[in-house]
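Notes follow the structure.
Reckoned from all heavy atoms, side chains included, excluding hydrogens, waters and symmetry mates. Convention: sequence-line order gives letters A, B, ...; per-chain numbering from 1.
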Amino acid sequence: MPPYDHRAIEEKWQRYWREHQVFRSEIDPSKPKFYVLDMFPYPSGAGLHVGHPKGYIATDIYSRYKRMRGFNVLHPMGWDAFGLPAEQYAIETGTHPRETTKKNIDVFRRQFQSLGNDYDWAREIDTTDPGYVRWTQWIFRKLYERGLAYLAEVPVNWCPALGTVLANEEVVDGKSERGGHPVVRLPMRQWMLRITAYADRLLEDLNLVDWPDPIKKMQRDWIGRSEGARIFFEVAGWPNERIEVFTTRPDTLFGATYMVLAPEHPLVEKVTVADRRSAVEAYVQEVAIRSERARIAEVGEKTGVFTGAYAVHPVTQASLPIWIADYVVATYGTGAIMAVPAHDIRDFAFARKFHLPIVEVVSGGDISKAAYIGEGVNVNSDFLDGLPTPQAKQRMGEWLEQHGKGEQTVTYKLRDWLFSRQRYWGEPFPVLHLEDGTTKLVPESDLPVLLPELEDFRPSGEFEPPLARVRNWLEVTDPDTKQKALRDANTMPQWAGSCWYYLRFCDPHNAQEAWSRDAERYWMPVDLYVGGAEHAVLHLLYSRFWHKVLFDLGLVHTPEPFQKLLNPGMILGHSYRYFDTNLSDDPEVTPKVFPSSAVRFENNTPLDKVKGEELKARWVPSQEVRWGEDGIAYHPTIDGLVLEEVTEKMSKSRGNVVNPDDIIVEYGTDSMRLYEMFMGPLEKGAPWSTESIPGVSRFLQRAYRLIAGDREDTDGPTSLVDGPGTLEQARLTARTIQGVTTDIEDMGLNTAISKLMVFVRDIARDAPLPRASAEAFLLLLAPFAPHLAEELWVRIGNQPSIANQSWPTYDQALVVGEEITIPIQVNGKLRSKILVPADSSKDEILQLAQKDEKLAEWLRGTTPRKVIYVEKKLVNFVV
RNA sequence: GCGAGAGUGGCGGAACUGGCAGACGCGCGAGACUUAGGAUCUCGUGGGAGACCGUGGGGGUUCAAGUCCCCCCUCUCGCACCA
């Protein structure tokens with residue numbers, strides 16, 4: 001039996017924790033609580049790769065630490081299990097998403113459990129479970145009752161060839177990602193959530209939470225509050241119509257020389273004059289087909305057409321031509337603008353292209369060359385002339401309100417949340433659409449509304465969601481009115497379940513309520529929330545929104561759900577690529593191949609350096625790479641083809657995925673945990689390197705030998721020297737406790753580990769290991785390598801479990817030594833060092849410094865012009 | 001284009017509010033022990049023969065700059081004409 005048998009030890013302690021329910025958390029008013037939460041995963045078919053556990057390990061270390069500090073810790077795990085991939089798989093294979101989901105969850109659970117984390121598995125939740133769906137629908141009812149859920153006609157991506165509605169990410173260049181079929185935008189009746197009603201509070205309350213600044217900024221920008229004015233323009237010849245525009249620069253109103261409507265604007269059809277109609281319609285068509293991405297690619301290149309209609313300037317009564325152009329977006333502001341080419345870059349470019357007049361109204365720039373968007377003094381502006389920009393804004397705002405031509409207002413970039421998906425695998429809406437055209441909620445007692453069984457998951461080809469085909473589910477009779485009614489064929493998006501799971505974790509088995517008041521009062525808010533920065537905006541904004549609604553209903557007691565937030569950096573993999581000419585992936589052809597040295601890139605497209613021909617990148621799975629003696633990577637079968645090493649996100653398609661199962665079998669989960677934390681700061685990404693694991697593994701083996709001894713009969717208790725040991729040993733122990741403690745508090749887990757390494761290296765160098773040091777060390781090690789720490793804790797004669805022991809303390813006096821080293825500089829360059837008693841005064845230190853021999857050589861023949869002394873840190877002679 | 005973050009040995013990374021650059025680990029080199037080892041232990045390891053030079057490049061502030069200020073370069077990640 002090898003001295004440190006990680007497999008036996010890890011199995012033994014995972015069993016112990018499970019059987020003794022060591023991590024079971026219950027409400028205990030006598031203890032302070034601490035709620036640590038990981039963003040729960042979507043259980044994909046691919047299983048975990050080594051990148052996933054990074055954040056989970058960090059929270060595990062922190063929650064174990066908090067438990068040892070006397071907190072009652074809640075650290076749960078569950079599954080965000082609705083989602084597209086399972087449905088996609090059902091379409092391809094006919095396997096019910098429920099089965100796929102169950103299978104995937106089983107794999108994930110096993111992998112998670114092999115990490116040895118301190119999750120309270122009794123609290124596991126699954127968003128697809130009817131007992132969970134019920135409460136998701138219950139929250140929807142609350143939103144609906146508050147008037148925050150409404151129906152609207154919203155365009156979706158409809159692909160006639162596939163006969164299905166596609167998500168934005170499934171549409172590439174106006175074509176379906178699979179198959180490359182054309183996609184059109186068609187309006188469909190869908191659920192919206194009025195998140196905009198909470199825009200101000202979502203913005204304001206960011207001040208209440210302890211989140212990374214970049215994340216807060218992203219949320220602020222996403223909400224995008226801007227102050228300005230709404231201005232009304234009459235339309236010549238249409239006395240009952242007016243165009244409303246929003247502008248942040250009402251002071252430039254006198255510079256407006258034309259109007260632009262978004263092509264989708266409702267007035268377009270109405271006001272367009274007869275002989276412009278065909279041109280306008282053609283343009284509207286063209287814009288509808290052009291994908292988001294194509295539009296983005298052409299930013300700067302302005303297009304548009306004139307409608308033939310004119311608006312009336314609210315002050316001067318001048319006629320302003322009305323154009324349509326896709327640089328005005330329908331969903332922001334009012335979908336219409338007044339164009340002020342002299343003072344807006346986009347309007348300027350447009351006016352130049354279509355020869356529209358440009359009138360300067362704010363001085364300070366040269367509008368013959370470019371738009372001037374800065375502030376200045378108004379000119380050509382009637383009653384605003386001579387006013388600086390802020391006053392001009394104010395004055396115009398007042399004028400508009402006095403004359404009923406507009407109002408001062410605030411607009412948000414944030415839009416209402418499109419809350420329905422044309423999918424099967426999601427929560428059904430708990431509503432009935434009655435014969436008489438009204439919509440009503442399914443009563444609370446009838447929840448959950450469950451999905452009907454479906455045999456065939458393939459799209460019907462009709463313009464409708466899959467649930468619309470299940471007539472016996474869809475068609476019901478309203479019990480109250482006896483009217484015929486239809487259920488809603490849409491389902492909720494994946495966000496729904498993840499918007500409130502943190503509340504369910506507080507009280508996961510409650511069948512009467514979504515959560516009890518007591519549980520919520522005790523556990524909330526989440527004290528530490530850890531998960532990927534990719535959720536910086538959507539998930540975090542959506543769940544904050546729901547939380548605030550629940551707060552207004554008195555169902556939760558904190559305005560914000562997540563107090564502190566951390567984003568772990570991504571672990572990257574090494575992939576190996578080359579290029580070939582087989583653009584269409586035809587298996588019949590033998591393509592020409594190119595190493596990266598023969599390739600150049602143009603707009604991210606790889607081209608043959610010599611001929612300029614387009615190429616396609618290919619990846620060789622890292623296990624198949626053939627390594628030359630020169631250390632160069634070669635293609636496994638194509639002779640002499642050099643592969644380029646690229647560091648990028650781990651994914652199946654790049655063949656660079658490392659499975660944690662393999663690492664755990666070989667080195668143990670304690671080693672993997674330690675390595676992932678030792679790689680660098682939590683927030684930073686870093687490339688994975690299996691070759692570095694033996695380093696931390698060796699450290700664990702040294703720790704094992706240090707405490708369990710080198711003997712073969714490894715089962716008996718170890719003998720240690722009683723008491724605190726030598727002064728040096730007591731010092732090192734105290735310093736290690738102090739250092740590791742502050743590092744964990746700051747989430748500096750990599751430096752905490754390096755301090756543990758130094759301890760093991762030095763503690764028994766000159767004297768046998770004292771019991772006090774050994775125990776302190778094991779307590780410090782316990783959050784990082786919990787299995788080994790448990791094992792050694794028992795081996796030195798203690799009772800399990802170390803997870804419930806108190807965190808070690810230290811004597812402050814031992815941390816500061818008797819002597820300190822003071823570096824001596826001459827002109828800022830290190831020339832010598834002196835050792836002085838720790839309590840030396842400034843004068844004593846300076847005297848000792850001046851007597852130093854090495855220094856004397858550097859000071860020979862000169863007298864110091866100045867001496868800089870930094871309290872017990874440094875002396876610098878300036879000569 | 002806009003915004004955010006980052007550039008330190010061969011590699012991952014340390015360095016608290018400006019104060020000994022390179023902790024700890026990988027890799028590499030030398031030695032010890034061993035029947036053997038992806039074993040263990042010890043020592044060394046930024047460059048240069050050298051006074052010296054070194055934290056992406058250039059300037060500056062300071063007794064002192066990886067850290068502060070200005071300009072530039074590169075990479076990564078978000079966002080998408082937001083009126």
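- Comparing the same atom, P, in G10(B) and in G48(B) gives a spacing of 10 Å after rounding to whole Å.
- The separation of U62(B) from C43(B), taken at their P atoms, amounts to 45 Å, rounded to a whole angstrom.
- Of the residues near RNA chain B, Met218(A) and Tyr412(A), the one whose nearest nucleotide (by heavy atom distance) lies more toward the 5' end is Met218(A).
- Checked against Tyr704(A) for a ring-ring contact (aromatic ring centres under 6.0 Å, His included), the options Phe699(A), Tyr4(A), Phe777(A) give a single hit: Tyr4(A).
- Between Lys54(A) and Glu676(A) there is no salt bridge, since no side-chain N of the basic residue sits under 4.0 Å from a carboxylate O of the acidic one.
- A gap of 45 Å separates the C1' atoms of C81(B) and C16(B), to the nearest Å.
- With sequence neighbours excluded, the residues forming a side chain to side chain donor-acceptor pair (under 3.5 Å) with Ser832(A) are Asp852(A), listed by chain and number.
- Between C75(B) and G57(B), the two C1' atoms lie 15 Å apart (nearest whole Å).
- Under the 30°/60° scheme for interplanar angles, the aromatic rings of Trp417(A) and Tyr542(A) are found to lie parallel.
- No side-chain donor-acceptor contact under 3.5 Å links Glu244(A) and Thr334(A).
- Residues satisfying the side chain to side chain donor-acceptor pair (under 3.5 Å) criterion with Lys833(A), sequence neighbours excluded, are absent altogether.
- The interatomic distance linking Ile373(A) (CD1) with C82(B) (C1') rounds to 14 Å, in whole Å.
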Each nucleotide of nucleotides 3-12 of chain B classed B (base within 4.0 Å of a protein heavy atom), S (only sugar-phosphate) or -, in 5' to 3' order, makes SS-------B
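- Nucleotides A65(B) and G18(B) place their P atoms 14 Å apart, quoted to the nearest Å.
- Classified by its glycosidic torsion, G9(B) falls in the syn category, the angle being within 90° of 0.
- Rounded to whole Å, the distance from CG on Leu674(A) to P on C26(B) is 12 Å.
- Annotation: salt bridge (charged side-chain N to carboxylate O under 4.0 Å, His left out) contacts of Asp762(A) (sequence neighbours excluded): Arg765(A).
- As judged by a 4.0 angstrom heavy-atom cut-off over every strand, Asp746(A) is placed among residues making no nucleic acid contact.
- Residue Asn750(A) places at least one side-chain N or O closer than 4.0 Å to OP1 or OP2 of A14(B).
- With sequence neighbours left out, the side chain to side chain donor-acceptor pair (under 3.5 Å) criterion links Ser622(A) to no other residue.
- If you take CG of Leu700(A) and P of C24(B), they are 18 Å apart, rounded to a whole angstrom.
- Under a 3.5 Å cut-off, the side chain of Lys866(A) and the backbone N or O of Asn876(A) do not form any donor-acceptor pair.
- Judged as a salt bridge (charged side-chain N to carboxylate O under 4.0 Å, His left out), the pairs with a partner in residues 733-744 of chain A (not counting sequence neighbours) are, in order, Asp743(A)-Lys755(A).
- Aromatic rings from Phe354(A) and Tyr258(A) are positioned such that their centres are separated by 6.0 Å or more.
- Side-chain proximity of Arg415(A) to the nucleotides A83(B), C24(B), C82(B) is greatest for C82(B).
- Legend: residues meeting salt bridge (charged side-chain N to carboxylate O under 4.0 Å, His left out) with Lys217(A), ordered by chain and number and at least two apart, are Asp221(A).
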Pairs under 3.5 Å (Watson-Crick or G-U), crossing ones as [ ], inter-strand ones as |: RNA chain B comes out as (((((((..(((......[....)))((((((.......))))))((....))..(((((..]....))))))))))))....
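- For Tyr332(A), whose side chain is taken as the heavy atoms from C-beta onward, the closest listed nucleotide among C24(B), G13(B), A83(B) is A83(B).
- Across the P atoms, A64(B) and A51(B) are found 22 Å apart, a figure rounded to whole Å.
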Give the intermediate values and the outcome of side-chain hydrogen bond (donor to acceptor under 3.5 Å, both in side chains) for residues Tyr283(A) and Thr303(A).
CA-CA 9 Å; Tyr283(A) 184 73; Thr303(A) 61; 2.7 Å; yes
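- The same atom, P, is picked in U74(B) and in G56(B); the two are 16 Å apart, to the nearest Å.
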Any N/O pairs under 3.5 Å between the protein and nucleotides 38-42 of chain B? List them or say none.
{"unit_1": "G38(B)", "atom_1": "N1", "unit_2": "Glu666(A)", "atom_2": "OE2", "d": "2.9"}
{"unit_1": "G38(B)", "atom_1": "N2", "unit_2": "Tyr667(A)", "atom_2": "OH", "d": "2.9"}
{"unit_1": "U40(B)", "atom_1": "O3'", "unit_2": "Arg705(A)", "atom_2": "NH2", "d": "3.0"}
{"unit_1": "C41(B)", "atom_1": "OP1", "unit_2": "Arg702(A)", "atom_2": "NH1", "d": "3.4"}
{"unit_1": "C41(B)", "atom_1": "OP1", "unit_2": "Arg705(A)", "atom_2": "NH2", "d": "3.3"}

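- Spacing between atom CG of Asp743(A) and atom P of A23(B) amounts to 16 Å, rounded to whole angstrom units.
- Atom-to-atom, CG of Asn567(A) to P of G78(B) comes out at 13 Å; the value is rounded to the nearest Å.
- The interatomic distance linking Asp326(A) (CG) with C81(B) (C1') rounds to 9 Å, in whole Å.
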Pick out the pairs of N or O atoms, protein on one side and nucleotides 15-21 of chain B on the other, that lie under 3.5 Å.
{"unit_1": "C20(B)", "atom_1": "O2", "unit_2": "Lys833(A)", "atom_2": "NZ", "d": "2.3"}

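- The distance from atom CG of Asp762(A) to atom P of C24(B) is 9 Å, rounded to the nearest whole Å.
- Note: CG (Asn827(A)) to P (U62(B)) measures 15 Å, nearest angstrom.
- A donor and an acceptor atom, one from each side chain of Ser689(A) and Ser692(A), are located under 3.5 Å apart.
- On the C1' atoms, U17(B) is 23 Å away from G13(B), given to the nearest whole Å.
- Within the cation-pi definition used here (under 6.0 Å to the ring centroid, within 45° of the axis), Lys302(A) qualifies as a partner of Tyr327(A).
- Of the possible polar contacts, none joining the His343(A) side chain to the Arg249(A) backbone as a donor-acceptor pair under 3.5 Å is found.
- Applying the side chain to side chain donor-acceptor pair (under 3.5 Å) test to Arg346(A) and every residue at least two apart in sequence or in another chain returns Asp344(A).
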What's touching nucleotides 50-55 of chain B from the protein side, N or O pairs under 3.5 Å?
{"unit_1": "C52(B)", "atom_1": "OP1", "unit_2": "Arg831(A)", "atom_2": "NH2", "d": "3.4"}

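- Between Glu227(A) and Arg225(A), at least one side-chain nitrogen of the basic residue sits less than 4.0 Å from a carboxylate oxygen of the acidic one, meeting the salt-bridge criterion.
- Not a single donor-acceptor contact under 3.5 angstrom links the side-chain atoms of Lys755(A) to the base of C24(B).
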